[in-house]
Amino acid sequence: MSIEKAKACLSALGYADHIIELAASTATVAEAAQALGVQPGMIAKTMSFLQGDKAVLILTEGTAKVDNRKYKDTFRTKAKMIPFEDVERLIGHAPGGVCPFSVPDNVDVYLDESLRQFETVYPAAGNDHSAVKLTLAELEQVANAKGWVDVCKII
């Protein structure tokens, strides 16, 4: 189960006490924000893309949308979301619980600049009833992020 993998990863890094499990759904940004009592932008939405046959995760502020031009300028390829039915196989977490923790080694993780407006953010923790409260520095560390990118527009 992917929440168990995420918990093990976060525990090994000393962040077990940051994990939040909820009875309410956190599958969407709106549901997560309501369940956690935070602004929707504070939800660190994990978006999954294919670049050729390589899976890439980009964490964005909850209300941000990918700007296709910025994405192409940054990655030199068109933004192509991983099909819903392939997400769990490629990333290790099902849609609604995709997070940057405990993902296959060949999956690159990036953080979008849109997150920088918040000190604390809440990505999923492996399923659709979980989150983890992290500062941006903590997120960068536990996600093993390759770096920061600017590929979104705020709606």
Side-chain angles (χ1 to χ4, degrees), residues 1-49 55-68 70-71 74 79 81-104 107-155:
M1 183 175 240
S2 70
I3 189 167
E4 297 307 324
K5 291 189 305 185
K7 279 180 168 180
C9 175
L10 291 163
S11 293
L13 294 169
Y15 293 99
D17 61 335
H18 293 231
I19 299 167
I20 303 165
E21 292 187 78
L22 300 151
S25 174
T26 57
T28 68
V29 169
E31 289 173 342
Q34 183 174 6
L36 294 165
V38 300
Q39 301 171 45
M42 295 175 75
I43 304 303
K45 178 170 58 176
T46 306
M47 301 179 72
S48 50
F49 296 91
V56 173
L57 297 178
I58 301 175
L59 279 80
T60 71
E61 113 39 315
T63 63
K65 303 286 184 204
V66 170
D67 180 306
N68 289 324
K70 285 181 170 183
Y71 186 99
T74 300
M81 298 289 293
I82 296 176
F84 183 89
E85 62 274 7
D86 294 333
V87 171
E88 189 167 12
R89 176 177 59 80
L90 294 171
I91 304 299
H93 303 292
V98 174
C99 64
F101 322 114
S102 189
V103 297
V107 175
D108 289 341
V109 178
Y110 295 91
L111 307 178
D112 186 75
E113 291 288 333
S114 62
L115 289 168
R116 289 202 194 260
Q117 64 187 300
F118 301 104
E119 290 180 25
T120 302
V121 294
Y122 298 82
N127 74 8
D128 60 359
H129 284 77
S130 67
V132 57
K133 181 180 180 180
L134 298 167
T135 66
L136 293 183
E138 290 168 341
L139 177 61
E140 193 170 8
Q141 177 200 1
V142 299
N144 196 25
K146 290 189 71 79
W148 288 86
V149 295
D150 182 9
V151 298
C152 288
K153 55 187 169 191
I154 307 296
I155 304 297

Report the distance from atom [atom1] of [X] to atom [atom2] of [Y], rounding to the nearest 0.5 Å.
{"X": "L136", "Y": "L111", "atom1": "CG", "atom2": "CG", "result": "8.0 Å"}
{"X": "D108", "Y": "N144", "atom1": "CG", "atom2": "CG", "result": "9.5 Å"}
{"X": "F118", "Y": "L139", "atom1": "CZ", "atom2": "CG", "result": "13.0 Å"}
{"X": "S130", "Y": "I20", "atom1": "OG", "atom2": "CD1", "result": "9.5 Å"}
{"X": "Y122", "Y": "M42", "atom1": "OH", "atom2": "CE", "result": "5.0 Å"}
{"X": "I82", "Y": "M47", "atom1": "CD1", "atom2": "CE", "result": "11.0 Å"}

Minimum heavy-atom distance between [X] and [Y], given as atom pair plus value:
{"X": "P104", "Y": "I91", "value": "CD-O, 3.1 Å"}
{"X": "G92", "Y": "S2", "value": "O-CB, 3.3 Å"}
{"X": "V98", "Y": "A124", "value": "O-CB, 3.6 Å"}
{"X": "C152", "Y": "A64", "value": "CB-CB, 3.9 Å"}
{"X": "F101", "Y": "C9", "value": "CB-SG, 4.1 Å"}
{"X": "S114", "Y": "E61", "value": "OG-N, 3.0 Å"}

E85, CD atom: more than 12 neighbouring heavy atoms under 6.0 Å: yes
Heavy-atom neighbours of Q34 CD exceed 12 at 6.0 Å: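 No, not enclosed.
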Derivation of the side chain to side chain contact (heavy atoms under 4.5 Å, CB included) call for H93 and T46: CA-CA 11 Å; H93 303 292; T46 306; over 6 Å; no
Option from V66, T60, L59 for which side chain to side chain contact (heavy atoms under 4.5 Å, CB included) with D112 holds: T60
Is there a side-chain contact between [X] and [Y], using heavy atoms and a 4.5 Å cut-off?
{"X": "T26", "Y": "I43", "answer": "no"}
{"X": "S25", "Y": "H129", "answer": "yes"}
{"X": "L57", "Y": "S48", "answer": "yes"}
{"X": "H18", "Y": "L10", "answer": "no"}
{"X": "Y110", "Y": "V151", "answer": "no"}

Ring-ring centroid check Y71 F49, cutoff 6.0 Å: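 Distance test on ring centres: under 6.0 Å, yes.
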Salt bridge present between K70 and E113 (N-O < 4.0 angstrom):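 So K70 does not pair with E113 through a salt bridge.
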Salt bridge (Lys or Arg N to Asp or Glu O under 4.0 Å) contacts in which one or both residues fall within residues 137-148, not counting sequence neighbours: none
